[in-house]
Colleague: 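Have a look at this one.
Naming convention: chains lettered A, B, ... in sequence-line order (proteins, then strands); numbering from 1 in each chain. Computed from heavy atoms alone, side chains included, the values below leave out hydrogens, waters and symmetry copies. As the structure is a prediction and not an experimental result, all values here were calculated from the model.
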Number of protein chains: 2
Amino acid sequence: MTVWDRPEPRNAPVPLDREQIIAAAIALADEGGLEAVSLRKVAARLNAGPMRLYGYISTKDELFDLMVDEVHAEILPAEQPGDWREALRVLAHRTRQAALRHVWLADLLGGRPTLGPNGMAVTEAKLAALDGLADIDTTLRAAETVSSYLIGAIRREIANLRAERATGLSKREWQRASGPHLTKMLATGRFPTLTKVVHHSRETNAEESFATGLDWVLDAVAAKLTPPSA
Amino acid sequence: MTVWDRPEPRNAPVPLDREQIIAAAIALADEGGLEAVSLRKVAARLNAGPMRLYGYISTKDELFDLMVDEVHAEILPAEQPGDWREALRVLAHRTRQAALRHVWLADLLGGRPTLGPNGMAVTEAKLAALDGLADIDTTLRAAETVSSYLIGAIRREIANLRAERATGLSKREWQRASGPHLTKMLATGRFPTLTKVVHHSRETNAEESFATGLDWVLDAVAAKLTPPSA
DNA sequence: TCTCATGGCGAGACACTGTATCGCCGCCGT
DNA sequence: ACGGCGGCGATACAGTGTCTCGCCATGAGA
């Protein structure tokens, strides 16, 4: 065996730490979705063998948790508005934007408790915005209600976005032209209200829908924070 | 080769239709979660080879869609209350109960548009409950907002439930005893509000939390359906 | 400077996965 | 009784997450 066919002693012996692993995994997910993330591919991107990762990570789910936490760092704004409502609104919109940048986030959001440092910082920010405006239980319920709406709305939006992308058409076009199944379903007459809505509703802008629903939920929260009797 | 070692001409030649496949898949998922559902195992449960399923199903994701739609059949109540608010409340609670019966539903809810007949029937029911109480766009927005809360709240609840089950303790116990990570995190002092909430909030009942948040959202919807000016 | 022990690393193995291909075999029509 | 057809499953393939184990490069000690 000559020097030439002997493998290099190490392929770019990058020191390799968690951050790099997470970054590589996120890059992979951004490009090809969550299912494109395999430990082998993440390792390959770092010029390492698959088993090397297990020094920094103990399971694939743990890697997903770390990815989610990393994105939560993007979500937390530099500075928070003093107004609780504005603070929650900003947090919500930043979460949505992060999900649009990293569509795979929708698959993970709400799937596990967020115990990472950044995720907890976001939770803290939500609670802090509401702190002192009502008793603790109401504060907690308010934060949870807003978060629930957030998770559901983002998931729905991304799900629709993917469906549209799959057919490559706008929503309106999609349901009319490329959705023969839906058309047939509606034609059965078993869904009169749905049919009416589909045909007569305005062309919807996703961001506007999100913002409107969010405002409604915030209205509801506001009503509970400042009880009408007080 | 004798008769004895020759395989039976067919292992219980069950005619096999979609319903059975879906039922088998749901049973598997109920027992071992979504990841316990593999085409091989589903087929085995029906005394069939894996490839047999492809006559009724074209991909695994499609099977998941069918499972979700099947559960939506459990969700639709026999009869709907006339009161829109009560109708939506019943629908929401039935969805939650279905998710508690089939925890894997939380992983799928909101992940793809619901285009199955039962899923669409549920959507129809939601819209029908709100029909005529406002213009079409408001109706749609209301239904979507409630659905978003529903998806997020269920996902969060199931995520927590799984985390608790993993440690085998009650929520309170969990965060106090078995969550050394969390304890350490809170001890850093970077999450003052969260810490306060964790220590001072009431022991929470999941169903009550869900119901309360739902009521808030329904309040918000009610306010939009009957504008204060009218 | 030479040697030895240590431990990080990766090759390989294992038990699976979803899905495509293809040839057998039982059944139905003639 | 025979022939052709078609549904079915064995087999194959490219992948997956994770475990085990032995190599080899690096450090310490003589």
Side-chain angles (χ1 to χ4, degrees), chain A residues 1-3 5-18 20-22 24-26 28-29 31-68 104 107-108 111-112 166, chain B residues 1-18 20-22 24-29 31-68 104 107-108 111-112 166:
Chain A
M1 179 193 277
T2 78
V3 219
D5 47 8
R6 186 201 308 275
E8 288 227 312
R10 198 159 306 170
N11 281 331
V14 189
L16 189 58
D17 61 352
R18 258 159 120 104
Q20 293 182 43
I21 295 175
I22 298 167
I26 289 180
L28 238 18
E31 292 164 18
L34 253 202
E35 75 218 281
V37 177
S38 85
L39 297 186
R40 282 167 166 86
K41 280 189 264 192
V42 171
R45 198 170 261 245
L46 299 167
N47 285 95
M51 294 318 286
R52 183 111 176 265
L53 303 185
Y54 281 85
Y56 305 85
I57 271 166
S58 60
T59 201
K60 196 191 184 182
D61 284 343
E62 196 176 304
L63 175 58
F64 284 163
D65 287 347
L66 291 168
M67 290 166 68
V68 171
W104 48 269
D107 300 322
L108 264 20
R112 282 157 166 271
Chain B
M1 182 192 275
T2 78
V3 221
W4 304 113
D5 47 7
R6 185 203 309 274
E8 289 226 314
R10 199 160 306 168
N11 283 331
V14 189
L16 189 59
D17 61 352
R18 259 160 120 105
Q20 294 183 42
I21 295 175
I22 298 167
I26 289 180
L28 239 18
E31 292 164 18
L34 254 202
E35 74 217 283
V37 178
S38 85
L39 297 186
R40 281 165 165 87
K41 281 189 262 190
V42 171
R45 200 171 259 246
L46 299 167
N47 287 95
M51 294 319 285
R52 182 113 175 264
L53 303 185
Y54 281 86
Y56 305 85
I57 272 167
S58 60
T59 200
K60 197 190 184 182
D61 284 343
E62 197 176 303
L63 174 59
F64 284 163
D65 287 347
L66 291 168
M67 290 166 67
V68 171
W104 48 269
D107 301 321
L108 265 19
R112 282 154 162 273

Colleague: Under 4.0 Å between a side-chain N/O of B:T59 and OP1 or OP2 of C:dG18, yes or no?
Modeller: no
Colleague: Any carboxylate oxygen within less than 4.0 angstrom of a Lys/Arg side-chain nitrogen, looking at A:K60 and B:E35?
Modeller: no
Colleague: Side chain of A:A48 only, please: which of C:dG18, C:dG10, D:dC8 is the nearest?
Modeller: C:dG10
Colleague: From the set C:dT19, D:dG17, C:dA11, return the single nucleotide nearest to any side-chain atom of B:M51.
Modeller: C:dT19
Colleague: Within this structure, what is the CD1-to-C1' distance between B:I21 and D:dC8, rounded to whole angstrom?
Modeller: 13 Å
Colleague: C:dT19 P sits how many Å from B:I57 CD1, rounded?
Modeller: 10 Å
Colleague: Within the structure shown, what part of the strands sits under 4.0 Å from B:V37 by heavy-atom distance: base, sugar-phosphate, or nothing?
Modeller: sugar-phosphate
Colleague: Could you state the CG-P distance from B:L53 to D:dG9, rounded to the nearest angstrom?
Modeller: 9 Å
Colleague: For the residue pair B:V42 and B:A24, what are the closest heavy atoms and their distance?
Modeller: CG1-CB, 4.2 Å
Colleague: Can you measure A:Y54 atom OH to D:dT20 atom C1' for me and round it to whole angstrom units?
Modeller: 13 Å
Colleague: Please pick, from C:dT17, D:dG9, C:dG10, the nucleotide with the shortest atom-to-atom distance to any side-chain atom of A:R52.
Modeller: C:dG10
Colleague: Atom CD of A:E35 and atom P of C:dG18: how far apart are they, to the nearest Å?
Modeller: 13 Å
Colleague: Can you figure out which of D:dT16, C:dT19, C:dT17 approaches the side chain of B:L39 most closely?
Modeller: C:dT19
Colleague: Nearest-Å distance, CG (B:D61) to P (C:dG18)?
Modeller: 11 Å
Colleague: Can you tell me which nucleotide in C:dT17, C:dG10, C:dA20 comes closest to the side chain of B:R40?
Modeller: C:dT17
Colleague: Atom OH of A:Y56 to atom P of D:dT18: distance rounded to whole Å?
Modeller: 18 Å
